[in-house]
Amino acid sequence: MEMRLGDTTPTAIRDLWGGCMHRVTSAQYLEDVAGIMVSEIYERFQASLVMTRAFLTVPFQSLPARQKEFARELARSVALESLLKPATPVLSLVGTRGCVEEWNHVRRSHRHLALPLLSESFVGAIPMMSRLLKELGLPLTWDQGPGEVLTGQTLGSEVGFFHIEDAAVAEDELGRKIITAQEFVADYDVRSVFAVGGGIFGGAVLVFILFSRERVEARTVRMFMPLVNLLKAMMLTHCSMSRVFRPTNADAVGRPS
């Protein structure tokens, strides 16, 4: 049943989970799990949402060919390709739904397909991502190398949230707009942006980000947090980090049959 974010209740969140639990537990790949959840959230709250997305940290070496090349080109564009190692965690888009057709297909993303977490300065230069990772409890110091930092965290025991109540005016401590895509905010009347996320297993972090055309309060954001723990409990028995992405013909080129 479709409803507005402002009318969210704990019962509505439990119903949301109940409505997709069977499909989630039968999914073969983590991107299918994320896609099912993103679609369920978007369809339930479509009256309020502009877009919903899911991101998962995946080691660079485990990415499909297109995501790997995307991350490599991004690192190259800021002269940091030397920091891109096989174990470097890459915040990878694994689910997307929105009011524009192009936003309904992960592989059509031109800007957010795969963000390598290369260094504190690199992540810090992206205000929204920097704030999101900090509020989820991830440090932005990479002295050990980002792979070791992420897998060494106890973040998996907790779920965090990120909340920007007014996307058009919110600024960080450096005076930068946290949501830098202000043309997107204006064109689609985005009022609030929020996310819930946390560790799932194997040091991976799963995040759901929602862009809302209505003002959303922090108490509403907190109601979405149990979804992450429900997913985590299911994933521990049904999923594996070796099965994140569905194979494609392009990824199969050169592999033994």
Side-chain angles (χ1 to χ4, degrees), residues 2 5 16 19-20 22-60 62-75 77 89-117 126 128-129 132 167 179-181 183-190 193-197 200 204-213 224 227-228 231 235 239 241-253 255:
E2 187 175 323
L5 285 169
L16 187 156
C20 64
H22 177 72
R23 285 176 291 146
V24 166
T25 55
S26 61
Q28 296 187 42
Y29 297 93
L30 281 175
E31 72 168 334
D32 293 329
V33 171
I36 291 166
M37 286 301 305
V38 162
S39 293
E40 190 73 19
I41 292 169
Y42 182 77
E43 289 167 12
R44 294 261 179 158
F45 296 99
Q46 192 168 352
S48 301
L49 290 173
V50 173
M51 181 168 60
T52 303
R53 288 191 152 174
F55 290 86
L56 178 71
T57 55
V58 179
F60 175 72
S62 300
L63 293 174
R66 181 167 182 260
Q67 283 89 330
K68 191 175 288 185
E69 185 57 28
F70 187 101
R72 184 181 288 112
E73 283 298 319
L74 183 55
S77 71
V90 179
L91 198 61
S92 307
L93 183 64
V94 289
T96 180
R97 282 294 304 277
C99 62
V100 174
E101 173 58 25
E102 185 175 327
W103 299 344
N104 294 322
H105 306 277
V106 168
R107 287 166 178 79
R108 291 188 188 179
S109 177
H110 300 297
R111 297 180 59 190
H112 305 105
L113 187 65
L115 176 68
L117 304 181
I126 309 171
M128 176 178 161
M129 203 55 61
L132 185 150
I179 310 301
T180 55
E183 184 176 350
F184 162 71
V185 169
D187 288 349
Y188 296 97
D189 193 26
V190 175
V193 180
F194 68 94
V196 292
I200 48 173
V205 178
L206 178 66
V207 182
F208 294 96
I209 305 178
L210 288 72
F211 299 82
S212 171
R213 61 173 63 91
F224 283 82
L227 285 176
V228 180
L231 271 173
M235 288 176 171
C239 297
M241 284 302 295
S242 66
R243 295 173 67 86
V244 176
F245 300 99
R246 291 185 306 277
T248 64
N249 291 337
D251 299 323
V253 172
R255 293 182 181 175

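- Pairing each heavy atom of Leu93 with each of Gly95, the nearest pair is CD1-O, 3.5 Å.
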Item to complete: Please assess Val193 against Met128 for the test side chain to side chain contact (heavy atoms under 4.5 Å, CB included), listing each intermediate value before the final yes or no.
Response: CA-CA 10 Å; Val193 180; Met128 176 178 161; 4.2 Å; yes
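- A distance-only check finds a donor-acceptor pair linking the side chain of Thr96 to the backbone of Trp103 [under 3.5 Å].
- No salt bridge links Glu69 with Arg66; every basic N to acidic carboxylate O contact stays at or beyond 4.0 Å.
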Worksheet item: Leu231 and Val24: side chain to side chain contact (heavy atoms under 4.5 Å, CB included), yes or no, with the steps?
Response: CA-CA 9 Å; Leu231 271 173; Val24 166; 3.9 Å; yes
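- Side-chain atoms of Glu2 never come within 3.5 Å of backbone atoms of Gln46 as a donor-acceptor pair (strictly under, hydrogens ignored).
- Between Ala34 and Phe208, the shortest heavy-atom contact is O-CE2, 4.3 Å.
- Expressed to the nearest 0.5 Å, how far NE2 of His112 lies from CZ of Arg53 amounts to 7.0 Å.
- Enclosure of atom CD in Glu183 is not indicated, since only 12 or fewer non-hydrogen atoms of other residues, nucleotides or ligands lie within 6.0 angstrom.
- Panel note: side chain Thr57, backbone Val205; a donor-acceptor pair is recorded below 3.5 Å.
- The two residues Leu132 and Ala195 come nearest to each other via the heavy atoms CD1-CB, 4.0 Å.
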Worksheet entry | ring pair (Phe, Tyr, Trp, His ring centres under 6.0 Å) evaluation trace for Phe184 with Phe211 | CA-CA 10 Å; Phe184 162 71; Phe211 299 82; 5.6 Å; yes
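- The line from CE of Met37 to CZ of Arg97 is 13.0 Å long, rounded to the nearest 0.5 Å.
- Inter-residue side-chain proximity for Cys20 and Arg44 is flagged as unmet; no heavy-atom pair is nearer than 4.5 Å.
- Counting all heavy atoms, side chain and backbone alike, Val90 lies closest to Ala71 at CG1-CB, 4.3 Å.
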Discussion item. Apply side chain to side chain contact (heavy atoms under 4.5 Å, CB included) to residues Tyr42 and Asn104 and explain how you reach the verdict.
Written reply: CA-CA 11 Å; Tyr42 182 77; Asn104 294 322; 5.5 Å; no
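- Across all non-hydrogen atoms, the minimal contact from Val33 to Ala27 is CG2-CB, 3.8 Å.
- Residues Val106 and Val94 form no side-chain contact, since every pair of their non-hydrogen atoms from C-beta on lies 4.5 Å or further apart.
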Item to complete: Give the C-alpha distance, both sets of side-chain angles, the deciding distance and a yes or no for side chain to side chain contact (heavy atoms under 4.5 Å, CB included) between Leu30 and Leu56.
Response: CA-CA 9 Å; Leu30 281 175; Leu56 178 71; 4.0 Å; yes
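- Side-chain contact between Ser109 and Phe70 is absent, with no heavy atoms from C-beta onward closer than 4.5 Å.
- In this structure, Arg243 CZ and Gln28 CD are separated by 5.5 Å, a value rounded to the nearest 0.5 Å.
- No more than 12 heavy-atom neighbours from other residues, nucleotides or ligands sit within 6.0 angstrom of NE2 on His22.
- Proximity of Phe224 to Leu210: side-chain heavy atoms (C-beta onward) are separated by under 4.5 Å at one or more points.
- Across all non-hydrogen atoms, the minimal contact from Ser92 to Phe245 is CB-CZ, 4.2 Å.
- Taken to the nearest 0.5 Å, the CG atom of Leu16 stands 10.0 Å off from the CD atom of Glu43.
- Atom-to-atom distance recorded for Ile126:CD1 and Leu115:CG is 4.5 Å, nearest 0.5 angstrom.
- The only member of Glu101, Glu102, Arg107 that meets side-chain hydrogen bond (donor to acceptor under 3.5 Å, both in side chains) when paired with His105 is Glu101.
- A 4.5 Å side-chain heavy-atom check between Phe45 and Thr52 finds every atom pair outside the cut-off.
- With a 4.5 Å cut-off on side-chain heavy atoms, Tyr29 and Pro247 count as touching.
- The distance from the CD1 atom of Ile41 to the CD1 atom of Ile36 is 12.0 Å, given to the nearest 0.5 Å.
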